[in-house]
Number of protein chains: 2
Amino acid sequence: MQSKPTTIKEIARILNISPSSVSRGLHDHPSIGAVTREKIKQLAKSLNYEPNNAAILFQKGKTYTIGVILPELSEHFFSIAISAIEDEAIKKNYTVIFAQSHDNYDQEVKLVEKMKNQRVDGLLVSISKDTSKFDHFEKLNSFNIPVVFFDRIPPFKNVHYVACSLESATIKAVNYLLKKGHRSIGMINGPSTLYASEERKDGYMQAITFNRLKFDPSLVVNCDLTEEGTIDAANQFLNHKRKPTAIVAFNDYVALFLIKYFKKLNVINDFDIVSYANLPIISYLDNSPVASVEQYPYLQGQKAANILLDLIHSPNSENQAYYNTIVESDLIVNEVKE
Amino acid sequence: MQSKPTTIKEIARILNISPSSVSRGLHDHPSIGAVTREKIKQLAKSLNYEPNNAAILFQKGKTYTIGVILPELSEHFFSIAISAIEDEAIKKNYTVIFAQSHDNYDQEVKLVEKMKNQRVDGLLVSISKDTSKFDHFEKLNSFNIPVVFFDRIPPFKNVHYVACSLESATIKAVNYLLKKGHRSIGMINGPSTLYASEERKDGYMQAITFNRLKFDPSLVVNCDLTEEGTIDAANQFLNHKRKPTAIVAFNDYVALFLIKYFKKLNVINDFDIVSYANLPIISYLDNSPVASVEQYPYLQGQKAANILLDLIHSPNSENQAYYNTIVESDLIVNEVKE
DNA sequence: AAAAACAGCGCAAACGTTTGATTAATTTTG
DNA sequence: CAAAATTAATCAAACGTTTGCGCTGTTTTT
């Protein structure tokens, strides 16, 4: 029953013309007469002709496909980002293939390899937590496959990237808390190996010193981002000689653990919490953070995709300019509870 | 700088043998001698040979790619499901391409077309809310592209699908509420056009009548699933002559709106709410639903992917058997507060 | 009326890989 | 020792499409 798909050759045979004419006819090439063109198009339609993409891609050496490698699709941030990427890609008639590194360096290396074999026209990457070497991306250069990093980016400038400035976002957050009158502000930071932790800490310090306050290192504690780790950190604050009245949490998950713990101890009202947005509904919580750093995943995905498509279409990239795009993140203040 | 990728032809030229021998050598074909084989492999490695996938796919007429069409990637359920799909696909060395219908029928039709042009080996689909005709999938048959529907499935049996039995899940939910002593139970259902709404209603009715209670149609109200719609529905319950003491919400979003509204009216403690799980952190809410119907998105994605891969590998599908897989959904009871 | 321009189409190569059929050289067998 | 079997490699076609070039016949320009 499954008839082999119609090909250009077949149309040519039936019409007693050459395949090249059929191809040109279908593409409205000027050198094909109007009558022949119409005959071709009609027959094509009536035979349900569908161009064989694989053949075209092979022939052109382009795939009209962009690859996306990210740590975890099930994380809200990434699901929004890739949703934006797909939306942009489809506008330009590109297809998206993706794969998850599950925050594993080896897996990431494999995936880059696989994407290269698939001959994607370009690659969008949010690097895994494990990743500290970046050779696997260099190979892509020699194949002329552009790469744009987003959100989780390598710590150097000579790559294309889109990211949020967590540093300036943190400054905003701490400033906000200072303006609310807080004088002792704790920060639950991530592991010190993470670049994102560094940025947060730098932002914290800048805001503190800019406001002519003394920076107390013991108010910034590193944490493995688990529930237990969060509780440990919380305990350090509770026992601190200058017990903080506000806390900047590494992300919404940490904030969630923190709120849960503080509620249990019945001290939740002693603290203002600021967090970095991951979870869409955290503001529905009863004792939700007073403010959130919004990182605009949709926008980041959108920009990264557009930059990549630009790079793909730019003639030949001997222009040694790198797109370093910073998406300004905003502090979203939750409307105050009555 | 970007050297053209090495090809089999080139290796053949350098080694003064034929391309076919190189191909066979690389694939450990028995008819190539051990010495030649090694020479081939060594040279291939030293030249960084990478098979040109596009060429292979074209040649074989297979793409080792499965397509996924779903309504909204940013919905938690789907992001988990596709995450599972990718995990399964990569195990079998398949690649995943995906696209979002944004719950739009026309878009869905286009995407099916596009996937077909891409010659995906198989298709996984969760249909859009808009979709009531299904011709666009029939075409795929003649191209021998198997389709497996998941979660949002067409309302007939002669297709492959994986889904949850919302009916039995609803029975469990209502039974649970009845056992807790509730005698008047409201249901905020979705639009009546949705199959999912029908299932919920059927389950509700079955549980009610099985327990020898009288079914009151006015306790099941349809809703457009927006916040306003939810409030309307809530008001109907509040003004009901037999004011319900428990409510089954269509999903977590509805539950969220409901909780927010009831809190505002300060009547939240008058109701037990049961919902269908969409949001991972809803149980962190202060007045969270007492129970949730878990629909196991990861499992559904996993099963759907495996069925599809089975179908792809099954010789020729003249076996008129359809996979109709039901993933039992469970009622997850939230641990009682304090 | 010759030269130039052009319209409309076909030829053939090319993209990189795989694979059935074939050949040539070597070894085994009765 | 001739015939058969085995081994090792080659040939050539094929997958479907695109595209530079060339060819013919007609129309326009000088």
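Values below: every heavy atom of this structure, side chains too, minus hydrogens, waters and symmetry copies. In this text, all values refer to a predicted model and were calculated from it rather than measured experimentally. Order of the sequence lines sets the chain letters (A, B, ...), proteins ahead of strands, with each chain counted from 1.
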Q: B:His27 has an atom NE2; how far is it from atom C1' of D:dA8, in whole Å?
A: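 The distance from NE2 of B:His27 to C1' of D:dA8 comes to 18 Å, rounded to the nearest Å.
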
Q: Are B:Lys41 and B:Asp28 ion-paired here, with the side-chain N under 4.0 Å from a carboxylate O?
A: yes

Q: Using a cutoff of under 3.5 Å, can you pull out all pairs of nitrogen or oxygen atoms linking the protein to nucleotides 4-13 of chain C, with atom names and distances?
A:
from   : atom 1 : to      : atom 2 : distance (Å)
C:dC9  : OP1    : A:Thr36 : OG1    : 2.4
C:dC9  : OP2    : A:Gly33 : N      : 2.6
C:dC9  : OP2    : A:Thr36 : OG1    : 2.9
C:dG10 : OP1    : A:Ser18 : N      : 3.4
C:dG10 : OP2    : A:Ser18 : N      : 3.0
C:dG10 : OP2    : A:Ser18 : OG     : 3.2
C:dG10 : OP2    : A:Ser21 : OG     : 2.3
C:dG10 : O6     : A:Arg24 : NH2    : 2.8
C:dC11 : N4     : A:Ser20 : OG     : 2.9

Q: Starting at atom CZ of B:Arg13, determine the distance to atom C1' of D:dT10, rounded to an integer number of angstrom.
A: 18 Å

Q: Applying side chain to side chain contact (heavy atoms under 4.5 Å, CB included) to A:Lys62 and A:Ile312, what does each step give before you reach the verdict?
A: CA-CA 10 Å; A:Lys62 273 200 63 172; A:Ile312 289 172; 3.8 Å; yes

Q: Could you tell me the separation between the CZ atom of A:Arg119 and the P atom of C:dC15, rounded to a whole number of Å?
A: 14 Å

Q: Is B:Lys62 close enough to D:dC15 that one of its side-chain N or O atoms is under 4.0 Å from OP1 or OP2 there?
A: no

Q: Rounded to the Å, how far apart are A:Lys60 NZ and D:dG20 P?
A: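 Going from NZ in A:Lys60 over to P in D:dG20 covers 11 Å.
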
Q: Is it the case that B:Gln100 and A:Ser83 place a side-chain donor and acceptor less than 3.5 Å from each other?
A: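 Present: a donor and an acceptor within the cut-off.
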
Q: From CG of A:Leu26 over to P of D:dT17, roughly how many Å is that when rounded to an integer?
A: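 The answer, rounded to whole Å, is 9 Å.
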
Q: Please state how far atom CG in B:Leu57 lies from atom P in D:dT17, giving the value in whole angstrom units.
A: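 Atom-to-atom, B:Leu57 to D:dT17, this comes out as 16 Å.
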
Q: Output yes if the stacking criterion (under 5.5 Å between centres, under 30° between planes) is met for B:Phe58 over the base of C:dT17, else no.
A: no

Q: When you check the gap from the basic side-chain N to the acidic O, do A:Lys91 and A:Glu88 get nearer than 4.0 Å?
A: yes

Q: Would you call A:Lys139-A:Glu113 a salt bridge at under 4.0 Å N-O?
A: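 The answer is yes: the pair qualifies as a salt bridge.
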
Q: Is the shortest side-chain N to carboxylate O distance from B:Asp310 to B:Lys303 below 4.0 Å?
A: no

Q: If you measure only the distance, is there a donor-acceptor pair under 3.5 Å linking the side chains of A:Asn104 and A:Ser128?
A: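 Note: A:Asn104 and A:Ser128 side chains miss the donor-acceptor criterion.
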
Q: Between P on D:dT7 and NE2 on B:His29, what's the gap in Å once rounded to a whole number?
A: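 These atoms are roughly 13 Å apart.
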
Q: Check DNA chain C against residues 41-56 of chain B and give the residues with a non-hydrogen atom under 4.0 Å, in numerical order.
A: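 Output list: B:Tyr49, B:Pro51, B:Asn52, B:Ala55, B:Ile56.
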
Q: Look at the side-chain N and O atoms of A:Lys9 and state whether any lies under 4.0 Å from the OP1 or OP2 oxygen of D:dA14.
A: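 Checking A:Lys9 against D:dA14: no side-chain N or O falls below 4.0 Å of OP1 or OP2.
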
Q: Figure out the CD/C1' separation between A:Glu10 and D:dC15, and round it to whole Å.
A: 14 Å

Q: Is it the case that over 12 heavy atoms from other parts of the model lie below 6.0 angstrom from the NZ atom of B:Lys116?
A: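 More than 12 heavy atoms, drawn from other residues, nucleotides or ligands, come within 6.0 Å of this atom.
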
Q: More than 12 heavy atoms of other residues, nucleotides or ligands under 6.0 Å from NZ of A:Lys114: yes or no?
A: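 Buried by this count: over 12 neighbours within 6.0 Å.
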
